[in-house]
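What follows is a single structure, written as structure tokens, with notes after it.
By convention in this document, chain letters (A, B, ...) are assigned in the order of the sequence lines, proteins followed by strands, and residues within each chain are numbered from 1.
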Amino acid sequence: MPDASQTERILTAAEAILEAQDLALARDPNVYLMGEGVCDPKGIFGTTSGLVEKYGPQRIVEMPVAENGLTGIAIGSALVGMRPIMIHQRVDFALLALEQIFNNAAKTHYVSSGKHRVPLVIRMIVGRGWGQGPAHSQSLEAIFSHIPGLKVVMPATPADCKGLLLGAIEDGNPVVFIEHRWIHYVKGTVPAGYTPLPLDGPRRIAEGDGATIVATSLMAIEARLAAEALAEAGVKCDVFDMRVLRPLRTEPIIESVRRTGGLVVIDSGWKTGGFGAEIVARIAESCLGDLRAPPVRLGLPDHPTPSTRALMEGFYPSSDAIAAAAGKLAGASAAQIDRAVSALRQQRAKVSIDQPNPAFAGPF
Amino acid sequence: MPDASQTERILTAAEAILEAQDLALARDPNVYLMGEGVCDPKGIFGTTSGLVEKYGPQRIVEMPVAENGLTGIAIGSALVGMRPIMIHQRVDFALLALEQIFNNAAKTHYVSSGKHRVPLVIRMIVGRGWGQGPAHSQSLEAIFSHIPGLKVVMPATPADCKGLLLGAIEDGNPVVFIEHRWIHYVKGTVPAGYTPLPLDGPRRIAEGDGATIVATSLMAIEARLAAEALAEAGVKCDVFDMRVLRPLRTEPIIESVRRTGGLVVIDSGWKTGGFGAEIVARIAESCLGDLRAPPVRLGLPDHPTPSTRALMEGFYPSSDAIAAAAGKLAGASAAQIDRAVSALRQQRAKVSIDQPNPAFAGPF
Amino acid sequence: MTPNPITESHARLEELVPLYSAMRRIRQIELEIAKRYAEQKMRCPVHLSIGQEAIAVGVCAALKRTDQAVSTHRCHAHYLAKGGDLNAMIAELYGKSTGCCGGRGGSMHLFDTGAGLLLSLPIVASSIPIGVGAAFGFARRGEPHVAVVFLGDASLEEGVWHESANFAARHKLPVIFVCENNLYSVYTHLDDRQPSRPLTKLAEAHGIRAQHVDGNDLSALLHVMSEMVDQARNSEGPSFLLADTYRWLEHCGPNYDNHIGYRTEDEFNAWRIRCPVERLRNKLEKSGLWNAAREDTLTARIQTEIDAAFRFAEDSPFPELRTAAEGVYA
Amino acid sequence: MTPNPITESHARLEELVPLYSAMRRIRQIELEIAKRYAEQKMRCPVHLSIGQEAIAVGVCAALKRTDQAVSTHRCHAHYLAKGGDLNAMIAELYGKSTGCCGGRGGSMHLFDTGAGLLLSLPIVASSIPIGVGAAFGFARRGEPHVAVVFLGDASLEEGVWHESANFAARHKLPVIFVCENNLYSVYTHLDDRQPSRPLTKLAEAHGIRAQHVDGNDLSALLHVMSEMVDQARNSEGPSFLLADTYRWLEHCGPNYDNHIGYRTEDEFNAWRIRCPVERLRNKLEKSGLWNAAREDTLTARIQTEIDAAFRFAEDSPFPELRTAAEGVYA
Ligand SMILES: Cc1ncc(C[n+]2csc(CCOP(=O)(O)OP(=O)(O)O)c2C)c(N)n1
Ligand SMILES: Cc1ncc(C[n+]2csc(CCOP(=O)(O)OP(=O)(O)O)c2C)c(N)n1
Ligand SMILES: [Mg+2]
Ligand SMILES: [Mg+2]
């Protein structure tokens, strides 16, 4: 039980991530950080700031720009007892390292019949907005989630950023930890101390029998906003923040869909072949008869991310689109849906489409 | 219309692929082949045999073992007017090249607002059996199919191997052409001459109102066997050979499911997050009300490929499992299903689980 | 290791006058981008080349328009030096439909095949094999063009550089690798990323000729580059040009950042006085080829061009939203 | 370029007797695998090391059991020379539960941390960074072990080799890269893949000490390797050992394949007479340290061991099907 003093600790997710790493480094001498920029003055969007001063360059390891090789090096070190945390400032950079991640990180435990372990955390950050463009904004969780042997975590709250990251570092397996850049700014209560969370799947973050909304990372925040606005309009929905995409636990979602009869899934990445397809498929397999209407998937359309914000409108699913879809599934009246959608649009209009918050002014 | 002489041309798929490349090389001086082993005596399982003698090493380019760089080189050459065909003896090797494939091959046309084109075909071969093990047998079509800007083709017949490969070489886009190693041995009628096929999606290869079976590559062959055995037992099913996974055209499947009310999808790769999930999701979105029973997905279980054949039983979906699933969906009697399944099992028992055919004796 | 000095005649100096103007133009454009960045109308990351202009200009001066270069995230100077259209560049930064990529690319994707800047890419080292591939295409098609690959010191850490170099050497391709060593990858010094040894050895290991040049000395760059271009055109294979230089502003964005702690004011100042623009101006002035009046005229002419370009960008329409999904496939 | 010759004393020759036996053992085991492959009980690709045994033995003789090596698809000799269990290796080829990976890996995945063969991997060059990572771990944990990376000549074409070498050099890690240059990648000659220049330059480019050795001369290998191990243990950083050798059989499988056309019978014969096993035997015989009787005894002893290993493999149970999905996660 968190006590009163803990519930008052408000941190940004970036601070929560920094705190988790600090605690892990302090606790286990085998933990080390490796990434391009881990020691620099910007400290990976502040998530590694101060650590090199505290733990030294032997444990906060500045990395050459060589993602594949350094992933293999991290794996090799893990095989002899280290616990590396590797960091990529963009998910996109990890594309260079997939051979190491898919073959060596993911499979070595299995292939060795359990003799080897690869306790490796790979943090990677999804870029969005301010012209990040086609190769600095990809959210590739669908790809990682396809590979047995990997665990895939996408936190949405500061508390989860801390707790799930600690859980990932404690885990004996390779964990791909995908952070949305805009989540870094989110503030929330974070318990003090060493408080790892199990990597155990979805959490219900709103309740209701209207429809079931399933989302990850930033999309879980949009989904919660949507549910709140719908609730204001008199329609209550279940919202699940997936948190852990692999191993995939869908029981709570199945239970919910059985009750609500409606499903909206929101992908952070491309909809086609996205993570949401797996959720829809599992629901269709498990409780087809409970679906009162076709499930709805939201996600990125089938094209690369354009740099210009002029082509951005509607590119990312937003709370109003989620509210519209969920409201309809829940059988809300047009007036109710309208009320929720316009409230959300008003809210959104305060910040430009390519900024995480009004204070943001580039350059990345 | 193919004339009689054409319908008598029986080739293996490997021969059909060789013929397609030969025709394309003869026709367009900008076409060239590049791969590890394209010039060697084994000629990529015979699919490039004789080409270097005919076209010379300037056009049949032996490649250093450097998949990422050479993919970029192929892309660069495509940007200045060449039409490269790149070949990987295993899909797994392409993991090293995903940055180039996903970012540069897939996105350059879009990002350039149409000014650049990347007419690049990347052939990659799925290994199976004879102890190929975890890193020489992956079927990663789900990953490629997730990326806008790529086309993804998985042929199942010699005629499609030839026609779709010619179509892919003619296409102005990057095409990932995934060949199952066991398909190479399949024989069938192949039309003579330069006969490209449009990359236009699923083809119905068996007809019936019992259930709809959707599969790719070798699994389409297993599915056809299943449908044949079911038909013998009095149950007829629609079978679709997907052929093209991206861009994805599902209209014929939707039409079929509306009629049959049942869907079985078979993945060549891992089921979780596989291509089949997308098919199921689209069907649930498009014709939920027509599904009389939950859709069934078959595919690889959630673990790496073990090398030993002792752990192989049931690893790959086979015709009998497909027949059982489809028969049940079609409302067949237990006796009918039994009859089909046992016929298929008898057929299967003639070849060992880790061999494409009885003649195969290693080493790869 | 200090690069080889190059001596020059007055005649050669005269040839440098237009190149001086080209450098000055790039400097002034980059400064204007920096100045206007805070307006928040260029809503994309910008990696300015201030301090490094001599390399872009010296290298491109040795090329023909039909030769194709590829570049990186830090591509403004290369695009401009290779003859890219200023209007289309500024419009691209503004995300407008008149941008060289129709606004879809932003500042890290400046493409102009017509001018011979085939593309620039934001993933470190990702464009290296593309450039080698262009050279391979030229060779196979029997075209006399040369490909140039601009790369940063950090690119040399990516395996794909070596894979590309090996192939270029094996096939004696007409490609020139131009490495701008500005000592940093973002905020990380070369010494924190690589062992101490001459960077030229990385090319020589692949059997590629390498030369080390003062990257702030336009004249030296042009001299060495011209030789390399001749060799490439004569089917003598690839070369590697290592050019030492320094980035004045922050890695990404419009500001000076010597105060944040990753480098010293002293280091910056030592490079500041080696400004490639001032150095050449001094030389030209000493030779009577340049003076304050010409400088003023040049400044004014460039400013007129710049103002027009920004006006063009501001006045240009954004791409229409309905086009967002178009052009995924050819 | 010919490698440096090494001279040796009689005392040193005596030390070579057990290493000769080790080479002979590996040769005999590999020949037995080749002989029995047609039985179709070893149902996985096999990449035999016949002709290359000296490198495995010479390198591992300079190591302690606690040092860790990593290897490639062609790993049998490395596994055996490093002290891996023969029974577990043959059982692995048979896909049995008693295999060193429980049958899950097959011949390209021979893992035995206890013996110091951390792993072998079938993707070319994929184990290189793993070995460097092990060295990094040793250094960070203050453990005195050395890591050895066995790699083929084709590995040097993969970018990841360079990425790994750069990091190893930058951090002066206790790792030794042992490159077996057998001139071929599958059926493709080095000259078709790389430009002509000494392969040692690829290591030296990263500031790594390199030595070129006759890879069929066990004594030379041991000598150079011992020096490199000392340097690694003394925190003097990584080394690169280039060893020329030749693969006698086909790339993958049990047969001779000189007739299929990718190499000549002459080339094969030139290497055949440089057989590492025969060479050392001749030397030992000349020094009176070996004779036909000892050879016969050795052959018989090894054959007994081999027969037992194959019996062990044949008698061992397959893993149970119900375990197929187990152990995906720790
Ligand atoms: C593969 C990859 N890793 C990391 C990055 C982030 N990144 C962008 S620019 C840069 C530094 C590149 O340094 P250098 O090549 O020396 O060029 P410079 O910025 O100095 O011009 C890095 C690491 C990236 N874009 N791509
Ligand atoms: C990334 C990758 N590309 C291609 C292959 C196919 N392949 C297996 S072994 C081999 C040749 C390797 O040659 P070398 O490194 O010289 O080792 P050798 O076989 O001569 O011992 C190749 C290309 C592979 N396993 N991995
Ligand atoms: Mg730099
Ligand atoms: Mg070799």
Proximity breakdown for [X] and chain C, heavy-atom pairs closer than 4.5 Å:
X: B:N103; answer: side chain
X: B:N30; answer: side chain
X: B:V61; answer: side chain
X: B:L96; answer: neither
X: B:Q100; answer: side chain
X: B:T108; answer: both
X: B:K107; answer: neither

Please report the shortest heavy-atom distance between [X] and [Y], naming the atom on each side.
X: C:S126; Y: B:E99; value: OG-OE1, 2.8 Å
X: C:R141; Y: B:V80; value: NE-O, 3.2 Å
X: C:Y329; Y: B:L150; value: OH-O, 2.5 Å
X: B:V111; Y: C:C101; value: O-CB, 3.2 Å
X: C:P129; Y: B:G69; value: CB-O, 3.3 Å
X: B:G149; Y: C:V328; value: N-CG1, 3.4 Å

Atom group of [X] that falls short of 4.5 Å from chain B, counting heavy atoms:
X: C:S97; result: neither
X: C:L121; result: side chain
X: C:E326; result: backbone
X: C:H145; result: neither

- Could you state the interatomic distance from OG (B:S112) to CG (C:D112), rounded to the nearest 0.5 Å?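 So the gap between those two atoms works out to 11.5 Å.
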- Query: Atom OG in B:S113, atom CD in C:E92: separation rounded to 0.5 Å?
  - Reply: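 It is 7.5 Å, given to the nearest 0.5 Å.
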- B:Y32 six-ring face occupied by C:R140 cation (under 6.0 Å, within 45°):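 No, C:R140 does not sit over the ring of B:Y32.
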- Task: May I ask you to establish whether B:K115 and C:F111 are in a cation-pi arrangement, using a distance under 6.0 Å from NZ or CZ to the six-membered ring centre and at most 45° from the ring axis?
- Result: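 Judged by the rule (NZ or CZ under 6.0 Å from the ring centre, within 45° of its axis), B:K115 is not positioned above C:F111.
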- Message: Can you confirm whether C:F167 sits close enough to B:M34 that some side-chain heavy atom of one is under 4.5 Å from a side-chain heavy atom of the other?
- Response: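 C:F167 reaches B:M34 side chain to side chain.
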- Item | Whether C:R104 side chain and B:Y110 backbone form a donor-acceptor pair below 3.5 Å |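 Such a contact is found between C:R104 side chain and B:Y110 backbone.
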- Please step through side chain to side chain contact (heavy atoms under 4.5 Å, CB included) for the pair C:T113 and B:H116, ending with a clear verdict. CA-CA 9 Å; C:T113 314; B:H116 278 319; 3.1 Å; yes
- Message: Can you tell me which of B:G72, B:P119, B:P148 forms the most heavy-atom pairs within a distance under 4.5 Å of chain C?
- Response: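 If we count pairs closer than 4.5 Å to chain C, B:G72 comes out on top.
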Based on non-hydrogen pairs under 4.5 Å, which of [options] is most in contact with chain B?
options: C:V132, C:N166, C:L118; result: C:L118
options: C:G99, C:P122, C:G327; result: C:G327
options: C:P319, C:G133, C:C100; result: C:G133

